[in-house]
Participant: 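The structure that follows is given in the form of structure tokens.
All values derive from a computational prediction rather than experimental measurement. Note that ligands are numbered from 1 as they come in the structure, with each ligand's atoms numbered from 1 the same way.
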Amino acid sequence: MELVWLKVPEWENQHGLLHGFLGRRGGRSLGPYASLNLAFGVGDDPQIVKDNLCDMKKAVGVHDLRIVTMKQVHRDGILEVKDNHLKQAGEADGIMTAAKEVFLGVLTADCVPILLTVPERKIAAAAHAGWRGTLSGIAAKAVGDLAERYGVDPSSVEAALGPSVGPCCYEVGPDVSVPMTQRWHALAEKALRFSNGKTFLDLRELNRLQLEKAGVLPEKTYLVGPCTSCAEQDFFSYRRERGKTGHQMSFIGWLS
Ligand SMILES: [Zn+2]
């Protein structure tokens, strides 16, 4: 199985930590879902999605375990997962766990997949940040929830932000740029680009800035992979495909 499987080099040395940002290659789906679509409910054949999930889990080394996903709703709800038999955590855009052998998955096709870990405590979290999630500050909220639930200091949190639509391709209207600036002020201004009368948003950078504001150290924040809309061969992109597309998965968890 020939996967696009991007990782944080610094995390590969963490014994027991498995993670990655997967791309679209190496699966069985056809047409707009070709080929490693891991999302149900986007129009792909559910049996093929099941087979893709099974093949993918084998390939990344969690064959006998589950990867818990969420019913992502573009808000800022974050749930804790303790049960490693669970497949679906429920309606949320973030999940976290301090349990071993619980793998957390997030599905995206332009939105920012965010993976978080506290290596010395073997805690993991995953979140999905589209523009609505970014507006409500889900990245910062995840760091706050880690502190509240597990008593971890934000400076011990490490973060990776994966392939997502870049400022090269993500043109936004005032319906996005205005509330974003009202809510995030200077942070939003740093993430907005203006060119030929158009406005573009660097969604990943705005999430990175939110993490920094929440206390995550810049040197422990990693940006992984290209713009999903530019990298057609490797990643699904909702914008590029005008909504008819598959979703790639990003995942994280501790084996032991
Ligand atoms: Zn691009």
Participant: Considering the options V8, I252, L146, V157, which one meets the side-chain contact (heavy atoms from CB on, under 4.5 Å) requirement together with T117?
Facilitator: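 Result for side-chain contact (heavy atoms from CB on, under 4.5 Å) with T117: I252.
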
Participant: In sequence, state the C-alpha distance, the side-chain angles, and the governing distance for R24 and D234, and then conclude on salt bridge (Lys or Arg N to Asp or Glu O under 4.0 Å).
Facilitator: CA-CA 5 Å; R24 70 184 296 179; D234 289 345; over 6 Å; no

Participant: Strictly under 2.8 Å of the Zn ion (ligand 1): which protein N/O/S atoms qualify?
Facilitator: C168 SG, C169 SG, C227 SG, C230 SG

Participant: Could you tell me whether R132 atom CZ has more than 12 heavy atoms of other residues or ligands within 6.0 Å of it?
Facilitator: no

Participant: Among all residues two or more places apart in sequence or in another chain, which pass the ring pair (Phe, Tyr, Trp, His ring centres under 6.0 Å) test with H74?
Facilitator: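 Checked H74 against ring pair (Phe, Tyr, Trp, His ring centres under 6.0 Å); matches are H128.
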
Participant: With sequence neighbours left out, which residue pairs that include part of residues 170-204 fulfil the ring pair (Phe, Tyr, Trp, His ring centres under 6.0 Å) condition?
Facilitator: none

Participant: What pairs meet the ring pair (Phe, Tyr, Trp, His ring centres under 6.0 Å) rule with one or both residues in residues 92-111, with sequence neighbours excluded?
Facilitator: none

